[in-house]
Amino acid sequence: MTVATVSSTQARPAIGGPQDLFNSTRNTIGLPTIVRGEDIYIFDDQGNRYLDAISGAMTAQLGQGNRRVLDAMHAQGMQHSFSYVRTTRHLPNMGLTERIARLAGPGFERVHLSSGGSEAVEMGIKFLRQYAYATGQKTRTRILSLMPSYHGGTLGTIGWTGDEDAAAVWGPMAHFSTKIPAPLSYRPPGGGTSREGALFSAARIEAAIEELGSENVLAFIVEPVGGQSTGANVPDPVFFTELRRICDRHGVYLVFDEVMSACRAGTFLAAHQIPDCKPDVVVTAKGLGAGYTPMGALLAPARMVDELAERTGFNLSHTYGANPISCAGACAVLDETVERDLLGNARCVGAHLRLRLEALKERHPVIGDVRGQGLLLAVEYVRDRESKEPFSAEVFASDRIRQIGLKEGVMLYSRRQNQGRYGEWSLIAPPLIITESQADELVDQLDRSVAEFTREMVRSGEIA
Ligand code: PMP
């Protein structure tokens, strides 16, 4: 018997092989195949060089090919490659958790390692739930978070992520948090000033807690500086002052999701820049492994961790948690960060970059806003500055600028949040090792890309 078959590769040829087939076809068009990296640049198989303006995924803080990190991982692997975190102790775990606790400062004496951002966020919430349960607060289960926001892609974290379009697919499966309008500085909820928007959000938080019954609310989770979902939104400081007051008043734990903002915002934790609002626990990831190794961490106070250890312990871990080779790599990442003062560089070059981006805004009417902190910045695009109206879905301005950027030699990352209802932007988040002249190079590339995009829009009659 002959059976006619069409293999999947015949049905849909994929340039990148099986890796391409999980992406939407539209998103794989024009993706460069990267074969080499050096400093803050990556090179494709056609010999093109790209300045990596988004550190891969806001991750590669040390750029490419850092010998110290790679040597540390190799040496650790030769010495002791793996043993399980629940049945053994090891020095790389000790070294990394001590470094993190020291950099994080008082209130974050205990550190639990995991394999990435989503896992760390889940660990943070599960730790608080286990602590609440063990200390007799058994009804505290409900989570509050912002709309929009991002907290991960697992079935747990999808529910806490603020994405208006997620409910249709995941609603029947994920457990959704109560969403509060995010205190966006450029598009404040309630329509007033940024400060009024922050007070509006805070009031909604308190109202939601009262409606749910504070005895049922476990935690509020927030990115102190926004990531992709808000384009590096920095809430007015009054938001955090109010948030701490509200959480204290209702016994709700406050979680800072610093998966993206740690180090990048210019201090080890962005929380260090908000003295009025110390979170109860912090989670971080991305830059901790700097792209060399998966790594995430939950930072918590000794008081809570030690009390829980006496009562029941926190009995959750994953196989790769505190992997020795990963810990050795992350120790070297932190040593490089401290010894080369990359936090200072994030503040310094970040300030320079921001000034130059603001100057770009003066010359390009399609740039509506420039915002962020340290080297976590964003440029928002609008069709009309007065009304802040975004470009249409067909234009997809941020992605068109990303494509033009590739020709100009800069790697950007586009986001049109919830079909443009919250606007669209390019995140500007280069490696923390970037120099001032490289920042100038980045701005010049973006300048030419936005100019070319503007010419296209004028030619097509989209703008005057
Ligand atoms: N939280 C925030 C704020 C993030 O930016 C991300 C990743 N973009 C995550 C959580 C999830 O991290 P990961 O992709 O490593 O699971």
Side-chain angles (χ1 to χ4, degrees), residues 22-23 52-61 112-127 143-163 166 170 174 177 179 182-184 219-235 254-265 268-271 274 279 281-299 318-321 323 326 329-330 333 372-378 412-415 417 422 425-430 432:
F22 284 87
N23 288 322
D52 186 4
I54 36 94
S55 308
M58 293 63 76
T59 304
Q61 322 282 55
H112 182 285
L113 301 174
S114 54
S115 306
S118 305
E119 225 180 70
V121 170
E122 286 216 359
M123 284 296 179
I125 297 292
K126 287 185 286 199
F127 168 77
I143 307 295
L144 274 70
S145 56
L146 295 176
M147 177 69 79
S149 63
Y150 190 76
H151 298 295
T154 57
L155 214 41
T157 55
I158 279 178
W160 308 324
T161 284
D163 176 354
W170 305 112
S177 57
K179 298 298 185 326
L184 302 174
F220 184 90
I221 180 164
V222 61
E223 300 153 88
V225 181
Q228 263 299 71
S229 67
T230 61
N233 181 59
V234 182
L254 177 58
V255 183
F256 271 14
D257 179 345
E258 297 226 26
V259 167
M260 198 185 292
S261 58
C263 296
R264 190 157 277 291
F268 181 63
L269 299 178
I274 318 173
V281 302
V282 172
V283 293
T284 180
K286 288 189 184 283
L288 213 48
Y292 291 86
T293 178
M295 183 54 72
L298 156 65
L299 286 61
H318 293 281
T319 306
Y320 270 91
N323 172 279
S326 296
V333 168
Q373 209 165 60
L375 283 172
L376 178 46
L377 301 167
L412 298 166
Y413 191 17
S414 57
R415 173 60 70 92
Q417 183 66 24
Y422 294 97
W425 41 81
S426 304
L427 218 54
I428 307 291
L432 306 191

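In listed order, ligands and their atoms are each counted from 1.
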Please list the nearest protein heavy atom to atom 16 (O) of ligand 1 with its residue and the distance rounded to 0.1 Å.
Ser118 OG, 2.6 Å
Which bit of His151 gets closer than 4.0 Å to ligand 1, counting heavy atoms only: side chain, backbone, both or neither?
backbone
Looking at atom 15 (O) of ligand 1, what's its closest protein heavy atom, distance included?
Gly117 N, 2.8 Å
Those atoms of ligand 1 less than 4.0 Å from some heavy atom in Glu223
3 (C)
Could you tell me whether the side chain of Leu269 reaches within less than 4.5 Å of the side chain of Leu299, counting heavy atoms only?
yes
Distance-only polar pair, side chains of Arg264 and Ser55, donor-acceptor under 3.5 Å
yes
Checking heavy atoms under 4.0 Å, the part of Glu119 that sits near ligand 1 is neither
Under 3.5 Å, is there a donor-acceptor pair between the Lys179 and Ser177 side chains?
yes
Taking the side chain as every heavy atom from C-beta outward, state whether Met123 and Val281 have any pair of such atoms under 4.5 Å apart.
no
Pick one of side chain, backbone, both or neither for how Ala285 approaches ligand 1, counting any non-hydrogen atom pair under 4.0 Å.
neither
Measuring from the heavy atoms of Met58, does anything fall under 4.0 Å of ligand 1?
no
Going by the atom numbers of ligand 1, which of them fall below 4.0 Å from some non-hydrogen atom of Gly152?
10 (C), 11 (C)
Nearest non-hydrogen protein atom to atom 1 (N) of ligand 1, with distance, is Asp257 OD2, 2.7 Å
Please could you name the atoms of ligand 1 that Met260 approaches to less than 4.0 Å, counting only its heavy atoms?
5 (O)
Only residue of Thr157, Asp257, Thr161 satisfying side chain to side chain donor-acceptor pair (under 3.5 Å) with His151 is Asp257
